[in-house]
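Below: one structure, written as structure tokens.
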Number of protein chains: 2
Amino acid sequence: MPDSATPPRHPFETGLDRTPANYVPLTPVSLLARGAAAHGAKVAVIDGDRRITYAELYGRCRRLASGLAARGIGRLDTVAILAANIPEMIEAHYAVPMLGAVLNPLNTRLDAATIAFSLRHGGARALLVDADYAALAARALAELDAPLLVIAIGGSAGLDGAGLDGDGLDGAVPYEALLEGGDPDHPWTGPADEWQSLCLLYTSGTTGDPKGAVYSHRGAYLQALGNAVTFGLGADSVYLWTLPMFHCSGWSYPWACVAAGATQVCLRKVEPAAIFRLIAAHGVTHLCGAPIVLSLIAHAPAHERTAFAHTVRCATGGAAPSSTIIRTMEEMGFRVTHLYGATESYGPATACLAQPDWTDLTADERYLRMARQGVALATLDAAIVADPETAEPVPRDGSTVGEIFLRGNTIMKGYLGNPEATARTLAGGWYRTGDLGVWHPDGAVEIKDRAKDIIISGGENISSLEVEEVLMRHPAVMLAAVVARPDATWGETPCAFLEVKPGTEPPEEAELVAFCRERMARFKVPKTVVFGPLPKTSTGKIQKFVLRDQARAL
Amino acid sequence: MPDSATPPRHPFETGLDRTPANYVPLTPVSLLARGAAAHGAKVAVIDGDRRITYAELYGRCRRLASGLAARGIGRLDTVAILAANIPEMIEAHYAVPMLGAVLNPLNTRLDAATIAFSLRHGGARALLVDADYAALAARALAELDAPLLVIAIGGSAGLDGAGLDGDGLDGAVPYEALLEGGDPDHPWTGPADEWQSLCLLYTSGTTGDPKGAVYSHRGAYLQALGNAVTFGLGADSVYLWTLPMFHCSGWSYPWACVAAGATQVCLRKVEPAAIFRLIAAHGVTHLCGAPIVLSLIAHAPAHERTAFAHTVRCATGGAAPSSTIIRTMEEMGFRVTHLYGATESYGPATACLAQPDWTDLTADERYLRMARQGVALATLDAAIVADPETAEPVPRDGSTVGEIFLRGNTIMKGYLGNPEATARTLAGGWYRTGDLGVWHPDGAVEIKDRAKDIIISGGENISSLEVEEVLMRHPAVMLAAVVARPDATWGETPCAFLEVKPGTEPPEEAELVAFCRERMARFKVPKTVVFGPLPKTSTGKIQKFVLRDQARAL
């Protein structure tokens, strides 16, 4: 009989504890270990003429981990990497976490000062540099007070990391030499706690210092599986790297592809000719990219296109794709999935999944639906639209505007060293995205605008996205950005900045206004139209703050 | 400056804690909540003429949870269910865990005494009974000391649960009445700890009392995702229930299908005509079943077959499929995946995935490879073959026999109320399957036999599976089972029990022996051959202990 002082434990809580046989902390590293054990001879990575099997990839990652460990890198040390979409970038996503260290992928499009800020703020102990970015790295390193361990990856010119001294990376350890001295059987144990920090990703804020979103082993593991299920990645899949891997750790696809047993095809530069060639040569089945990547593909001149007979699944996010670009891509043999997320959500958090009633829609109606942000991935707990003040969900009526809130295991741990921003962003049990949108009866969320992108004209709210969506349907327009222009009468009026398609003449302003009047309420029609190239951030987002300044000065 | 008495915490461990925004205990229930939010109007379950959408399924589950809660069912209470593959069986897999209660699916093929044992041993507080099994349930209930809450699900005759009193279930609450009185918005919070017990599955041991394997919310969630990735389940998938849901909770597919957003098609009885009809009618893309189910499909007479034009993915496990049956199925338009697992591993733990060198094999060689147990699922940590004494891995040489060991989050918590069996089975950081096998150079494990199924003849080990595999290739043989027969000279000799195909004459023994001699070492050729129906367990496994008794008495 149990002692009256110790209440008996429930039978379902007795003798059923966690043991090493039935409990292993989740970590994406285990996905590669399993891949090497399960299909070691299969090609994991293709890069030009190089082929790296799963067994080789695992061995190279263990060599890298061993080499870093020998140079003093250990638990929670930050290892930054400045590289294009090359095999070494994939390797870093496994080798660094093997040590319990934190990988910090840096945006290669940033300036040296911002990179130096990230290295300082993240407390980087080591920096892996793709030789193609050696000069940029050298400028950033020169701004630091103390030297770092620098490891040089041979750039597009070669694999041996030689000849880098001239680029200001004197004393850098060549990557391949580090691997050669490393142990392909380096033991690794995984984190004792799956909540342990895994990656550090700086957001490309348009104002103020970048914030460093921190990922956990648990979150990355779950996001990998959620991505694989949502995007249909399997052992037969071939994934092309058109998305920068420094962007939210490649939306967690370096791990998702390995979870599925897929093959990853590297790509240094997003150039349409190379994309078409690789799709045809390797039977690429999946690729991801911002809408600008889709635009490049869709508008590629005929001589840059290689024919392919199969369907390529193409996930896009980072900004809403216009219905026009979705239509063009589908006509070319791509099947488009619109994803939505942020650095704070390990990349994709929602997907615009087909709903049963879509079969009743015309193609044009369907493309408009596909431009919505959609519904939570299976591994996210919830995606809702709520009143930002009260946190109460708005009605699912497709018209009440609120803020998009996300919740679940694939939301960042917080911002490094920034408890105030963390508390503000993860407030009241939700990640507050800062995106304003509506909630549709079918459950899909749709962004109407970033809070600051709403134009208020004569007391009416105008969604700049909605106006851009219409402008993008004009046959001459390739990219559209609409911002508020101060106006004495109306407060603000919509001002459109337009990039036309290559080899196309800009349309007459009157014709464009007429085109808009047929398709939107009169008060939403741009009062000003400006043609020319649009300013973009390092991640390809249009810099609306620059355009706002221009509109103010007009 | 930090106080010298309190060491400063690492920046990656400061201000980055779990919050409700970024940490949610894993539970398969969340997959349905998300499914209802993400594609509520989509058909989740098809049963004859019934269609249940995701929103309706979620509402019905919440009603059931609410009704059970109103009758006193709560955290860690056991709720048993005795039912065919009907919608209510799927509903129970969500509603009971919503309450933090434990679902105990019972094998409908068992006798009343064994069912009564499970109800007593598992401490069942309630029993849901499919009316088709009312008489069996009544007999089992009569053996209990205290009455249970009994809920009667209308059987194949109707949905209202009426007319059950005559079956001895007097006072049972009709299932639909319970739902009608339930709250479709019943709030549920999920487990506070994802390690909490979720399901109780009794193994159909051939000797001794059944052991109750306990699953956790965490394990079921991960197994659901692992299944979806491995078997290629997606939003376009239609899953046919040819596998009993009482068997390892349907290998965790009630959760995997919902994670993927697939449609589940119910099936009361495994009959070839119905299987073909449903495949054609609903465009079934996936089904699972023991090899005996594949045999039934492969040997269905022409008049029971409905033509279908698409490829159906068919996962099989529970016993190794012969290469013959794999070939026949593939010729019929099925794509076979061989899975291996146990009740203790939430169903599938390994899958026989295609390896790069398979493209060089003949079809026959490939079918033989496919009969191997294969490699760990992405969500399992490891599957190895080890020396059962020392736990040292055996060489990956395809010939050294050891025991198959599994490890990972999709291994059971242990056996309920049986710490000795738990400690013995989850010993030294591994789940010891009791299956003897070899480890191939490509990483695949292959079962040679259960420990007790090895035949030792003249000092040589004979794998009964290997002999069965050859016998199954004989055109007249539908099922083969080989056991040891005591022999004064050799110690043991192989004795074959054979079931011939319907309408086929048994071959001459001399011809069969000649057939075997051409295909195996002489000492492995059965010395005795017996024709007739084979005795099977309630889960369709051949009862070798019965055959061993027969062989001993010959």
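Convention: sequence-line order gives letters A, B, ...; per-chain numbering from 1.
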Q: Might you work through the side-chain contact (heavy atoms from CB on, under 4.5 Å) test for Lys42(A) and Asp357(B), ending with a clear yes or no?
A: CA-CA 9 Å; Lys42(A) 185 172 179 175; Asp357(B) 66 349; over 6 Å; no
Q: Go through the steps to decide whether His39(A) and Leu353(B) satisfy the test side-chain contact (heavy atoms from CB on, under 4.5 Å), and finish with yes or no.
A: CA-CA 8 Å; His39(A) 36 70; Leu353(B) 302 180; 4.2 Å; yes
(Q) Checking Asn22(B) against Glu344(A) for the side-chain contact (heavy atoms from CB on, under 4.5 Å) test, could you report, in this order, the C-alpha distance in whole Å, the side-chain angles of both residues, the deciding distance, and whether it holds? (A) CA-CA 10 Å; Asn22(B) 59 24; Glu344(A) 288 81 351; over 6 Å; no
(Q) Between Tyr221(A) and Leu225(B), is the side-chain contact (heavy atoms from CB on, under 4.5 Å) condition met? List the steps. (A) CA-CA 11 Å; Tyr221(A) 181 96; Leu225(B) 294 176; over 6 Å; no
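Distance CG/Asn418(B) to OG1/Thr14(A): 13.0 Å, rounded to 0.5 Å. Atom CG of Leu76(A) is separated from atom CZ of Arg9(B) by 11.0 Å, given to the nearest 0.5 angstrom. The OG1 atom of Thr19(A) lies 10.5 Å from the CZ atom of Arg407(B); values are rounded to the nearest 0.5 Å. Note that CG of Asp17(B) is 11.0 Å distant from CG of Leu426(A), once rounded to the nearest 0.5 Å.
In this structure a side-chain-to-backbone donor-acceptor pair under 3.5 Å is present from Asn409(B) to Val24(A). Judged by distance alone, the side chain of Trp195(B) and the main-chain N or O of Leu16(A) form a donor-acceptor pair under 3.5 Å. Ser197(A) places a side-chain N or O within 3.5 Å of a backbone atom of Phe12(B) that can act as its donor or acceptor partner.
Heavy atoms closer than 4.5 Å to chain B are found in both the backbone and the side chain of Pro20(A). Of the atoms belonging to Leu200(B), it is side-chain heavy atoms, and not backbone ones, that fall under 4.5 Å from chain A. Both the backbone and the side chain of Ala41(B) have a heavy atom closer than 4.5 Å to some heavy atom of chain A. Heavy atoms closer than 4.5 Å to chain A are found in both the backbone and the side chain of Thr379(B). Heavy-atom distances place both the backbone and the side chain of Arg18(B) under 4.5 Å from chain A. Interface remark: Asp193(B) contributes side-chain atoms only to the contact with chain A (heavy atom separation under 4.5 Å). For Pro11(B), the parts lying under 4.5 angstrom from a heavy atom of chain A are both the backbone and the side chain.
Interface remark: of the candidates Leu222(B), Val375(B), Thr422(B), Val375(B) forms the most heavy-atom pairs closer than 4.5 Å to chain A. Ranked by heavy-atom pairs under 4.5 Å with chain A, the list Ala33(B), Gly428(B), Gly408(B), Ser30(B) is led by Gly408(B). In terms of heavy-atom pairs under 4.5 Å with chain A, the best-connected choice from Thr53(B), Val214(B), Asp236(B) is Val214(B). For the set Ala427(B), Gly15(B), Pro356(B), the count of heavy-atom pairs under 4.5 angstrom toward chain A peaks at Pro356(B). Put simply, of Gln355(B), Met412(B), Gln196(B), the one with the most heavy-atom pairs under 4.5 Å next to chain A is Gln355(B). Most heavy-atom pairs under 4.5 Å with chain A: of the set Gly443(B), Gly414(B), Ala378(B), this distinction falls to Ala378(B). Chain B forms more heavy-atom pairs under 4.5 Å with one residue of Leu31(A), Asp442(A), Val102(A) than with any other, namely Val102(A).
Counting all heavy atoms, side chain and backbone alike, Val229(B) lies closest to Ala259(A) at CG1-O, 4.1 Å.
Residues Tyr23(B) and Lys413(A) fail the side-chain proximity criterion, which asks for heavy atoms closer than 4.5 Å.
Qualifying side-chain contact (heavy atoms from CB on, under 4.5 Å) partners for Ala376(B), counting only residues two or more places apart in sequence or in other chains: Arg34(A), Leu380(B), Ala383(B).
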